[in-house]
Amino acid sequence: MVGAGSSRREFLKWLAASGTGVALAGLLPGTAAAATGEIVVISQVTLIDGTGAAPRRDVSVVLVGDRIAWVGGSGQIPETGGARVIDGRGKYLIPGLWDMHTHGLDLEEIIPPLHLAYGVTGAREMWGYAENRATRDKIERGELLGPRVVLGSGIVDGPVTLLEPPVLQVSTAAEARAAVRAEKAAGAEFVKIYSYLGPDEVRAVADESRDLGLRFSGHWPYKLSHFETSDLGQHSFEHFFGVSIHCSSRRDEILARLKATPYDPAAPRAFFNLARQLEFESVSTYSPGAARAYFGRLRRNGSWHSPTLTINRVVTQPAETHKQDARLKYLPADIRKSWAVGIERFAPKTPAEIVLQERYYQETLRLVGVAHQAGVGLIGGTDCLNPYTFPGSGLHEELAFLVEAGLSPVHALKTVTGDAAKFLGREATSGTIAAGKEADLVLLDANPAADIRNVSKIDLVITRGRVLDKTARRGMLDAVETAANRTAPASATRLRSLARRGCCC
């Protein structure tokens, strides 16, 4: 048990000498980081480490600065003076969560603190533009408290699009290649493609991304099948769009109809509505053989799915379902208004539509389970900043939906911890609780392996080694509410722009 006996230097020497201890440059005794980094010991906790392994009891975890320095049995730790000791008895330690589909990072007083307050210490931001690149850089420089960010490109779409600026519209392969080069130069870590991007342009994005060492992810581009874009290297498919079609006995017929139907510049949403209607109808023609072939191809290609069940649940329910959510107090009035208007585009209205969309959603849940059983990689994300899809807390809902789809609670957690890090190529530093990893952790008051909803029972969050206890998190949420309700006419245009940028489906 840790006490106040031995010195900091002696404790660091023990860490360096221990079999699983500090092998981290900068943390060894005598270095600057060892001299200044706070030592935090989380003692006698039950560990759920993000690998998919069963919970381990009576574990202690030592942090030095912003890194995990040691993980092991509590009885192995010698006494040390000067450490901050957090009593983990009766509590559960998990890795910090990654929301793998987010928007709106640059609403700096709202989105970053909401992520952290709910244990989301990493975010894959799915629409890159100058403002959120600047926010990411502020976080990395320590000027702004926020999650680690993996930032995509601007959204690359065709000459007809559902989106407003700053969407990157391309109409030739040469323009697509130029867009990829420009986004790489601007700091994009992957390329995001959208629904109406043409076949030649998709192939150009794939080729240019590969040449530049980037991955590309995004929506299903309707004029190609999932098979074709997966073969081209699409790293993730967002929102589960088109999965029920690709698992249907009518797959080829439906895909041919979509390929033959032109986009209408005067009514760009008409094609989206057609595709959605065909998806809703395709659930009645599910084919186990088609599903096996489909998921098998994606698994072999290394293509992942990001189902974003949170937004899928919202848009398949009647519009009034979420309009009294207590969390709306954390969003500015312009975004609340945008949500109230935006949900009307998607929500079912007639009894027949409600039945049809509910059936589609339930089939989506089932197919997520089928994908998991088939070994297709899944990453959990919310599509936050879309209607009634809340930053931070929305990821807790996503985890519950994944469990409803058939994943165990431990495997659902893995989609936003260990598997998220693997997808991002960050498994050496992130996603699991092990010596040498980043000190991004969440301490829970109840066991998420018994009930995934316990992920919302947060005692404290640790981000980059900084401890945010209940008092700090409450203060963050109060500050968000104040910022959301502040009258600032000069910011109205910016807020409307942010609300538009969130709409990704």
Side-chain angles (χ1 to χ4, degrees), residues 52 100-101 217-220 222 224-231 234-255 258 275-317 355-383 395 397-420 422-423 452 505:
M100 294 295 284
H101 193 124
S217 291
H219 282 212
W220 164 36
Y222 290 125
L224 291 169
S225 71
H226 284 201
F227 297 118
E228 292 171 293
T229 56
S230 175
D231 288 349
Q234 185 160 346
H235 196 199
S236 69
F237 291 89
E238 306 299 312
H239 313 303
F240 236 54
F241 286 166
V243 174
S244 63
I245 291 173
H246 285 77
C247 294
S248 165
S249 60
R250 296 179 56 224
R251 178 193 65 211
D252 294 343
E253 170 197 338
I254 295 171
L255 293 177
L258 290 173
R276 288 293 276 174
Q277 187 64 31
L278 292 171
E279 284 193 86
F280 297 151
E281 295 171 358
S282 68
V283 301
S284 64
T285 55
Y286 173 74
S287 165
R292 282 194 300 272
Y294 169 67
F295 289 123
R297 181 96 155 253
L298 264 62
R299 183 188 68 248
R300 290 191 294 274
N301 284 342
S303 295
W304 296 57
H305 265 298
S306 175
T308 63
L309 294 169
T310 307
I311 184 61
N312 273 308
R313 173 75 293 194
V314 170
V315 300
T316 52
Q317 293 176 312
V355 170
L356 181 67
Q357 294 204 31
E358 180 64 22
R359 183 180 180 190
Y360 168 76
Y361 178 74
Q362 293 302 323
E363 180 67 2
T364 295
L365 280 180
R366 193 184 71 81
L367 286 173
V368 169
V370 173
H372 175 63
Q373 290 298 319
V376 173
L378 297 176
I379 44 177
T382 61
D383 208 4
L395 194 61
E397 297 175 272
E398 187 73 18
L399 289 169
F401 291 136
L402 287 167
V403 170
E404 191 177 351
L407 279 69
S408 72
V410 167
H411 280 98
L413 275 172
K414 190 167 177 273
T415 71
V416 297
T417 55
D419 285 344
K422 180 180 178 181
F423 174 87
I452 194 61
C505 67

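Bear in mind the structure is a predicted one, so any value in this text is a computation, not a measurement.
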Item to complete: List for me each residue that meets side chain to side chain donor-acceptor pair (under 3.5 Å) alongside D419, sequence neighbours excluded, and say none if there are none.
Response: K414
Practice prompt. May I ask you to decide if E228's main-chain N or O and S225's side chain share a donor-acceptor pair within less than 3.5 Å?
Written response: yes
Worksheet item: So, S249 versus S287: side-chain donor-acceptor pair below 3.5 Å or not?
Response: no
Worksheet item: Counting only N and O atoms by type, is there a donor-acceptor contact under 3.5 Å from the side chain of S303 to the main-chain atoms of Q234?
Response: yes
Worksheet item: Atom NZ in K422, atom OG1 in T415: separation rounded to 0.5 Å?
Response: 13.5 Å
Fill in: Stepwise side-chain contact (heavy atoms from CB on, under 4.5 Å) test for I311 and T382
CA-CA 6 Å; I311 184 61; T382 61; over 6 Å; no
Worksheet item: For D231, what residues pass the side-chain contact (heavy atoms from CB on, under 4.5 Å) criterion, not counting sequence neighbours?
Response: R297, N301
Discussion item. Holding to side-chain contact (heavy atoms from CB on, under 4.5 Å), I want the full list of residues that pass it with E279, two or more places apart in sequence or in another chain.
Written reply: F241, S244, I245, R276, Y360
Worksheet item: Is the backbone N or O of H219 less than 3.5 Å from a side-chain atom of H239, with the two atoms forming a donor-acceptor pair by type?
Response: no
Discussion item. Set out, in order, the CA-CA distance, both residues' side-chain angles and the distance that settles side-chain hydrogen bond (donor to acceptor under 3.5 Å, both in side chains) for T364 and Q362, then state yes or no.
Written reply: CA-CA 5 Å; T364 295; Q362 293 302 323; over 6 Å; no
Worksheet item: Quick one: side-chain contact (heavy atoms from CB on, under 4.5 Å) partners of R250, sequence neighbours excluded?
Response: S248, E253, I254, T285
Fill in: Residues forming a side chain to side chain donor-acceptor pair (under 3.5 Å) with Q373, sequence neighbours excluded
none
Discussion item. So does Q317 get a backbone contact from the side chain of E358, meaning a donor-acceptor N/O pair under 3.5 Å?
Written reply: no
Worksheet item: Distance from T417 atom OG1 to I379 atom CD1, nearest 0.5 Å?
Response: 12.5 Å
Practice prompt. Write down the atom of H235, the atom of S217, and the distance for their closest heavy-atom approach.
Written response: CB-OG, 3.4 Å
Worksheet entry | Any donor-acceptor N/O pair, H246 side chain to G242 backbone, under 3.5 Å | yes
Worksheet item: Which atom names give the shortest non-hydrogen contact between N312 and P307, and what distance separates them?
Response: ND2-O, 2.9 Å
Discussion item. Please report the interatomic distance CG(L407) to CG(L399), rounded to the nearest 0.5 Å.
Written reply: 10.0 Å
Discussion item. Evaluate V243 against H226 for side-chain contact (heavy atoms from CB on, under 4.5 Å), listing each step before the verdict.
Written reply: CA-CA 8 Å; V243 174; H226 284 201; 4.2 Å; yes
Discussion item. Restricting to salt bridge (Lys or Arg N to Asp or Glu O under 4.0 Å), what partner residues turn up for E281, sequence neighbours left out?
Written reply: none
Worksheet entry | Sequence-distant partners of R251, salt bridge (Lys or Arg N to Asp or Glu O under 4.0 Å), two or more places apart | none
Discussion item. Could you work out, with salt bridge (Lys or Arg N to Asp or Glu O under 4.0 Å) as the rule, every residue matching R366, not counting sequence neighbours?
Written reply: E363
Discussion item. Going by the rule salt bridge (Lys or Arg N to Asp or Glu O under 4.0 Å), which residues pair with E404 if we only count those two or more places apart in sequence or in a different chain?
Written reply: none
Worksheet item: Is L298 close to W304 at the side-chain level, that is, under 4.5 Å between some pair of heavy atoms?
Response: no
Worksheet item: Which heavy atom of F237 sits nearest a heavy atom of S230, and at what distance?
Response: CZ-N, 4.0 Å
Practice prompt. For the pair L378 and V368, evaluate side-chain contact (heavy atoms from CB on, under 4.5 Å) and give the outcome as yes or no after the intermediate values.
Written response: CA-CA 8 Å; L378 297 176; V368 169; 3.9 Å; yes
Worksheet entry | L356 CG to F280 CZ distance, which is reported to the nearest 0.5 Å | 6.5 Å
Item to complete: Please identify each residue that fulfils ring-ring contact (aromatic ring centres under 6.0 Å, His included) with F401, with sequence neighbours left out.
Response: none
Practice prompt. Grab the two heavy atoms, one from H101 and one from S306, that are nearest each other, plus how far apart they are.
Written response: CB-OG, 4.3 Å
Worksheet item: Listed by chain and number, what are the side-chain contact (heavy atoms from CB on, under 4.5 Å) partners of V403, not counting sequence neighbours?
Response: P409, A412, I452
Fill in: Pairwise side-chain contact, S236 with M100, heavy-atom cut-off 4.5 Å (strictly under)
no
Practice prompt. Report yes if some heavy atom in the side chain of T310 is under 4.5 Å from a heavy atom in the side chain of D383; otherwise report no.
Written response: no
Fill in: Nearest non-hydrogen partners of F295 and L367, listed with the distance
CZ-O, 3.8 Å
Discussion item. Test of understanding: with ring-ring contact (aromatic ring centres under 6.0 Å, His included), list the residues that count as partners of F240, not counting sequence neighbours.
Written reply: H305
Discussion item. Show the nearest heavy-atom pair for residues Q357 and V315, with the distance to one decimal.
Written reply: OE1-O, 3.3 Å
